[in-house]
Amino acid sequence: ATGYVKIPDDDSLEPSYDQSYEMWIKPSDGGGFLLNKQSPRVGHGYYLKLDIEGYLEYSVYVGQEGDRTVTSSHAVDISGTTWTHVVATYDGSTLALLINGVESKSVDIGSSKELKENSQPLRIGQNFVGYIDEVRIFRKVLSADEIIATHLCPTVDPHHMSLYMTMNDMYGTVVSDVSGMHNSGTIVDGPTWSTEAAPSGLDLVAATSPVTLETDLTTGVSNLSPM
């Protein structure tokens with residue numbers, strides 16, 4: 001599972017003191033990056049990943065202290081049968097992970113941190129096995145109510161969005177960004193389109209149990225499955 005979606009570097013995708021990362025995932029194995037914009041040489045940037053046991057890990061580089069990281073208090077289902085809604089936030093002092101709308105873990109890392117930008121592309125799904133859908137980046141920290149409201153559709157002011165990939169392109173190698181920020185990406189090394197889609201019309205609590213999805217071919221509902 002080496003394939004991923006590659007999004008060119010852009011100022012709107014750099015780490016900030018007011019940020020939220022949101023997506024649906026359906027992993028069929030542990031391990032892999034959900035989002036990765038970290039410099040492999042000096043570490044500047046951020047990542048959101050799944051460890052081999054299914055625990056989520058969100059990390060931000062904060063200057064002399066290096067990476068500061070929060071790990072979820074429990075693992076997500078990695079059997080390939082369950083969709084999980086994931087949100088990672090950073091407000092300038094606290095890193096937090098929310099799973100299916102409920103905070104799993106937060107870490108206070110203090111304020112006045114020195115975030116470092118880099119020229120790396122943003123990579124989605126690198127070394128991840130499973131499905132990824134509805135990827136969004138917000139230039140604000142989503143409240144609990146906003147997370148409930150946006151997990152099915154982006155009701156937050158679009159001026160706060162840096163990225164919104166519905167994963168509904170279906171064909172070709174371009175993955176469109178519909179946020180208005182023009183951060184579309186390109187499929188690299190083999191991920192394929194699928195009509196498997198994240199839950200629609202279900203509340204976040206219901207999404208914690210395995211669900212059977214009906215494909216909506218009339219609207220081209222799809223997502224991307226790194227292979």
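Only this structure's heavy atoms are used, side chains among them; waters, hydrogens and symmetry mates stay out. Starting from 1, each residue takes its place in the sequence as its number.
- In summary, the side chains of Q19 and Y46 do not present any donor paired with an acceptor at a separation below 3.5 Å, with no hydrogens or angles considered.
- Under the 4.5 Å side-chain criterion, counting only non-hydrogen atoms from C-beta, L50 is in contact with P27.
- In this structure, the salt bridge (Lys or Arg N to Asp or Glu O under 4.0 Å) partners of D9, at least two apart in sequence or on a different chain, are K37.
- Taking the ring-ring contact (aromatic ring centres under 6.0 Å, His included) definition, one finds that Y55 meets it with nothing, sequence neighbours left out.
- Remark: aromatic rings of Y61 and H44 are close, center separation under 6.0 Å.
- Contacts of T173 classified as side chain to side chain donor-acceptor pair (under 3.5 Å), with partners at least two apart in sequence or in another chain: none.
- Looking only at atom types and distance, the side chain of S79 has a donor-acceptor partner in the side chain of D77 under 3.5 Å away.
- Shown here are the salt bridge (Lys or Arg N to Asp or Glu O under 4.0 Å) partners of K49, two or more places apart in sequence or in another chain: E57.
- By the 4.5 Å heavy-atom criterion applied to side chains, K140 and E146 are counted as neighbours.
- Not counting sequence neighbours, S28 has no partner by the side chain to side chain donor-acceptor pair (under 3.5 Å) test.
- For E103, the side chain to side chain donor-acceptor pair (under 3.5 Å) test picks out S106, with sequence neighbours left out.
- No side-chain donor-acceptor contact under 3.5 Å links W24 to the backbone of V135.
- Between Y47 and Y58, the distance from one ring center to the other does not fall under 6.0 angstrom.
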